[in-house]
Amino acid sequence: MRIKVLTVRASLYASLTTLAILTLFPLLWVTSIAFMRSPEQSAGTPPLWPRHPTLNNIVNIVQREMLGHYFLNSLIVAIATTVLSTFVAGLAGYALAQVQFRGRRVISWVVLFAVLIPSQALVLPLFEMFREVHLINHYAALILPAAANPVSIVLIQAYMRGIPAEILDAARMDGAGEWRTFFSVVVPMMAPMLAALAVLTFVVSWNDFMWPMIAMQKASMQTLPVALASIDREHYQEIGLMAAGATVTILPMMAIFVASQRYYLRSVVAGSLTD
Amino acid sequence: MASLELSHVFRVIGGGQTVLHDIDFSAHHGELISVVGPSGCGKSTLLRSIAGLEEVTSGDIFIGGNRVNDLQPQQRRIAMVFQNHALYPHMTVYQNLAFGLRARRVARSVVEARVRRTAVRLGLEALLGRYPRELSGGQKQRTALGRAMLRDPEVFLLDEPLSSLDVPLRSEMRRELMALHKSLGMTMVYVTHDQSEALSLGERVVVLSAGKIQQIDTPQEIYGNPQNRFVAAFVGWPPMNFLNGEILGAHANDTQNVEYGIRPERLMLQQHAADDLSVSGRIECIESLGGVWQIEIIHNGGRLIARVPPDAALRQDAELRLWFNQTDLYAFNRTTGTRVKVNR
Amino acid sequence: MKSISGPLFVLPALTLIALFVLIPFLGVLGLSMTNFDIYVLASSANLHFIGGANYAHLFHDHAAWQALETTLTVVLAGVPATLALSLICALMIESIAPRWRGLFRTAFFLPVVCSTVAVAISWRYLLNTRYGLVNHLLLAVHLPALNWLGSPTLAVIAITVVVVWKGFGYGMIILAAARREIPEELYDIARIEGAGVRRQLLSITVPILAPTLGLLALLDVAGYWQLFAEPYVLTQGGPMGSTMSLLLLMYDRGFRWWRWGIASALAMVLTIIMWLFAWLQRHTKTSWREG
């Protein structure tokens, strides 16, 4: 019986390890290719590991294709989106959960309805709207629509409902105004949820593709994935170059995820188990 | 023939910690044994070991005369009721009751008949179509009991089955459980951290602490004749008062190494017999519990609690002398905690 | 407590949602019933209300039907595969020693946080007919090399594989958390009652996780239904339009041919079918909580 238990356990670890390697392989391999010299990449199937690692591909794509510039665009958009979206959703989620006012129910329903609308189906009128106000090719065209995030509001609302109203009443009775209550009591209480949503929003914004491609017609304004896709159209034969581009795009998100996975995973779980 | 027997059972876990230390007792057929101890004393581990959910490191367990150490839980002829009822949330009462029989591939018609019979017996017949979340605490409890009864076990194991119920329901279920035990005539092991529950339910009580059996006896003996300081302190509420020998005056063989114990309900306001003993002290506080008053006095820096009939003459901060019969005085070895004879 | 702070706090979010979700939604709805195209772009005098004509057009448009079929195929094949993989990984992770769990969780979740464009590029090299590693391995075991992205059927399969690979980590996290919520006593009782590992899985774990699985199914459907970047990078909708998803077709009609009326009608069809999925999920009895 002992032996049977051990066999089961061993095969469990073996299958998990195999699956994990299979899952990570596409990511690891592309990173590996990014550091290979050109003969290795182009002569048939590239090996698994660069024999003579080089930074040439990275240097190439950063200098020749201005990848640093796109990186900066992505960074600006992602940070602004995260800050704005988290702040706005935090205010609204809190008010909808814990402040009594007329129209609260109706607004909650409007937010829920907005959750059900696939954002990518809206790109045509969005494009027309931003064209009218001459904001195509401006960061605002990416930041503002992404900050309209009904899912975050619903999540914060659900989270805030779990906080006893007495704590907030106590703060108000201490004479704190609504703003003061919000910043000194509410924000610290929902900090874990806000942190989680911030990471989530950042990653989603960084990886967004369709709308940034449409809204940023000028090459110099493109974000990393959009630029990567258009470089790819021209240079997709240059495996090393494209692998370097993919690596530069992926690595920051992997790093952010690994560093903040406690928060991140909590938001993922909260998003599906609370309702 | 004992229907449950544990012989020198040890359980040592990964870190080398002994969770069960030389557990050795038996329950005869139809006996209700309660196992009581503070949390972490190993009582749940003991029950789970009997059930076969955990392996013992050494020692033997016999159920109905057969050694069951190597048997799977379902082969041991035991049934178990858990604290949180452990009803399957996605199954109706009927499905919960039938699950074990179905797992053993009992014919559908037989399952139906047996489930119905048990349901009628427990007053569940109107609830068979309900889900656990639609049941009250008592109904959940009865369903969990029904499921256990349907296993037709040799030994019935109950792990704090009443502690998730509120107080009035708890005493009602306690009575039901005793009636059930009487009518089924099954051997039961009842684990609880509540000493009053253990005393009121068990025909015999096992007091467990730190993985060791402190005493096995009838409730009367456990209460009236505790074998060591732990049992004396753990059983009874409010807990026994402990005083060192010097404070009380030299009455024992060796005052240095003896600690005296006296139960709060044995302290009296008047002297009843000529050889009654007494302590005196300042009244620290008086708490009225209705028909009885609880008085705390400070005696030479020690604290004593007494339960006495209401007396309007008692005042806080006043001096008070409390009397007790010599036979109500217990003495314990200060280092080992074992009971020693009081020297008259 | 009544004060103006409530409306004030909600106002920014509500403004953003109204401007960038609700108004555009009405816009799509309106556009889908006009002849908006490149001529209207030149002069708005050409704009006409044409009712359901765009929908009627789509109904007879072979490309639209093919896009629907392709997207539906990816959803119908991808979602069950994702759920199965998520569940298997979640249950395996929850049954190993806690200190190793984080490592595997991270490994399975990493594809979720990566840019679709970037991972699609790496997959394209893996699947390349001449030098791709997948074919290299096939040849190594004496199987024929396959033209993964060049054959209509294989291309759809390849895209489904990429989508599942990128998505299953998400469900794995959620199912693992839900599995932890199941009290261990249920399994103790099941063992006492004689239920083996298989029966425990089928009679306890899966039914109790069913509501979570149902919710995940909906989330996965909603995600996969908006398939865009994978075919955009891997195949540009080819070969022969076989991997043209609904969104890709909408993008193509809208921003290549400037036929906004048609493209908007496609967006509406996409939205409505997604609502249908949501409605179906709510009314399928996956949930014992709702009885």
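Labels below follow one simple rule: chain letters A, B, ... track the order of the sequence lines, proteins then strands, and each chain is numbered from 1. Every heavy atom of this structure was used, including side-chain atoms; hydrogens, water molecules and symmetry mates were not.
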**Asked** For A:Gln261, is it the side chain, the backbone, both or neither that has a heavy atom under 4.5 Å from a heavy atom of chain C?
**Response** side chain
**Message:** If you count heavy-atom pairs within less than 4.5 Å of chain A, which of C:Trp275, C:Phe109, C:Phe36 leads?
**Reply:** C:Phe109
**Request:** Give, as side chain, backbone, both or neither, the part of A:Trp206 having an atom under 4.5 angstrom from any heavy atom of chain C.
**Result:** neither
**Request:** Measure A:Ile153 against the heavy atoms of chain C and call it side chain, backbone, both or neither at under 4.5 Å.
**Result:** side chain
**Message:** Which residue in the set C:Thr129, C:Leu234, C:Val161, C:Val134 passes side-chain contact (heavy atoms from CB on, under 4.5 Å) when paired with C:Trp148?
**Reply:** C:Val134
**Prompt:** Looking at C:Met268, C:Arg105, C:Gln236, C:Arg124, which has the largest count of heavy-atom pairs under 4.5 Å with chain A?
**Reply:** C:Arg124
**Contact class of A:Phe202 relative to chain C, heavy atoms under 4.5 angstrom** = neither
**Prompt:** Does any non-hydrogen side-chain atom of A:Leu96 lie less than 4.5 Å from one of A:Met160?
**Reply:** no
**Complete:** Turns out that what part of C:Phe104 lies under 4.5 Å from chain A's heavy atoms comes down to side chain
**Request:** Flag yes if more than 12 heavy atoms outside C:Arg180 fall under 6.0 Å of its CZ atom; otherwise flag no.
**Result:** yes
**Message:** As an exercise, state the distance from CD1 of A:Ile239 to CG of C:Asn128, rounded to the nearest 0.5 Å.
**Reply:** 6.5 Å
**Separation between OG of C:Ser115 and NZ of C:Lys166, rounded to the nearest 0.5 Å** = 7.5 Å
**Message:** Under 4.5 Å from any heavy atom of chain A, what part of C:Ile93 do you find: side chain, backbone, both or neither?
**Reply:** both
**Message:** We want to know whether C:Trp257 and C:Asp252 form a side-chain donor-acceptor pair, criterion being a heavy-atom distance below 3.5 angstrom.
**Reply:** yes
**Request:** Heavy-atom distances under 4.5 Å only: say whether A:Met210 touches chain C with side chain, backbone, both or neither.
**Result:** both
**Ring centroid separation C:Phe108 to C:Tyr170 under 6.0 Å** = no
**Item:** Atom group of C:Phe255 that falls short of 4.5 Å from chain A, counting heavy atoms
**Value:** side chain
**Request:** Heavy-atom distances under 4.5 Å only: say whether C:Leu14 touches chain A with side chain, backbone, both or neither.
**Result:** side chain
**Complete:** Whatever's closer than 4.5 Å to a heavy atom in chain C on A:Val123 counts as both
**Message:** What part of C:Ile96 gets within 4.5 angstrom of chain A, counting heavy atoms only: side chain, backbone, both, or neither?
**Reply:** both
**Request:** Could you walk me through whether C:Thr271 and C:Met274 pass the side chain to side chain contact (heavy atoms under 4.5 Å, CB included) test, one step at a time?
**Result:** CA-CA 5 Å; C:Thr271 307; C:Met274 211 170 90; 5.7 Å; no
**Request:** Side chain from CB out, backbone as N, CA, C, O: work out which of these in A:Glu128 comes under 4.5 Å of a heavy atom of chain C, or both, or neither.
**Result:** both
**Message:** Need one label for C:Trp123: side chain, backbone, both or neither, based on atoms under 4.5 Å from any heavy atom in chain A.
**Reply:** side chain
**Asked** What part of A:Phe87 gets closer than 4.5 Å to chain C, counting heavy atoms only: side chain, backbone, both or neither?
**Response** neither
**Request:** Test side chain to side chain contact (heavy atoms under 4.5 Å, CB included) on A:Phe257 and C:Thr106 and set out the steps.
**Result:** CA-CA 9 Å; A:Phe257 169 68; C:Thr106 308; 3.8 Å; yes
**Message:** Heavy-atom pairs under 4.5 Å with chain A: which of C:Asn135, C:Leu247, C:Val112, C:Leu270 has the most?
**Reply:** C:Leu247
**Request:** Find the one option among C:Leu16, C:Leu266, C:Val233 whose heavy-atom pairs under 4.5 Å with chain A are most numerous.
**Result:** C:Leu16
**Asked** Counting heavy-atom pairs under 4.5 Å to chain C, which of A:Thr249, A:Leu22, A:Ile250, A:Leu124 comes out on top?
**Response** A:Leu124
**Request:** With a 4.5 angstrom heavy-atom cut-off, could you sort out which part of A:Ala89 is near chain C: side chain, backbone, both or neither?
**Result:** neither
**Request:** With side-chain hydrogen bond (donor to acceptor under 3.5 Å, both in side chains) as the test, would you mind laying out the steps for C:Thr116 and C:Glu230 before giving the verdict?
**Result:** CA-CA 7 Å; C:Thr116 312; C:Glu230 291 90 344; 4.6 Å; no
**Item:** Aromatic centroids of A:Trp109 and A:Phe113 separated by under 6.0 Å
**Value:** no
**Heavy-atom side-chain proximity of C:Val119 to C:Pro111 below 4.5 angstrom** = no
**Asked** Checking heavy atoms, do the side chain of C:Trp100, its backbone, both or neither come under 4.5 Å from chain A?
**Response** side chain
**Asked** Can you check whether C:Leu175 reaches C:Leu216 side chain to side chain, under 4.5 Å on heavy atoms?
**Response** yes
**Request:** Check whether any side-chain heavy atom of C:Ser122 sits under 4.5 Å from a side-chain heavy atom of A:Trp29, and report yes or no.
**Result:** no
**Asked** Are C:Thr71 and C:Tyr224 linked by a side-chain donor-acceptor pair shorter than 3.5 Å?
**Response** no
**Prompt:** Do you know which of C:Gly102, C:Ala222, C:Ala278, C:Ala107 has the most heavy-atom pairs with chain A at a distance under 4.5 angstrom?
**Reply:** C:Ala107
**Message:** So for C:Leu22, is it side chain, backbone, both, or neither that comes closer than 4.5 Å to the heavy atoms of chain A?
**Reply:** side chain
**Asked** So which part of C:Ala176 gets closer than 4.5 Å to some heavy atom of chain A, the side chain, the backbone, both or neither?
**Response** neither
**Asked** What part of C:Ile121 is in contact with chain A, defined as an atom under 4.5 angstrom from a non-hydrogen atom: side chain, backbone, both or neither?
**Response** side chain
**Item:** Toward chain A, the part of C:Met250 with a non-hydrogen atom under 4.5 Å
**Value:** side chain
**Request:** Any chance you could measure A:Asn149, atom CG, to A:Ser85, atom OG, to the nearest 0.5 Å?
**Result:** 4.5 Å
**Asked** Which bit of C:Ser95 is near chain A, if near means a heavy-atom gap under 4.5 Å: side chain, backbone, both or neither?
**Response** both
**Prompt:** For C:Tyr232, is the NZ or CZ atom of A:Arg233 found under 6.0 angstrom from the centre of its six-membered ring and inside 45 degrees of the ring axis?
**Reply:** yes
**Prompt:** Which bit of A:Ile214 is near chain C, if near means a heavy-atom gap under 4.5 Å: side chain, backbone, both or neither?
**Reply:** side chain
**Message:** Using heavy-atom distances under 4.5 Å, tell me whether C:Phe228 contacts chain A through its side chain, its backbone, both, or neither.
**Reply:** side chain
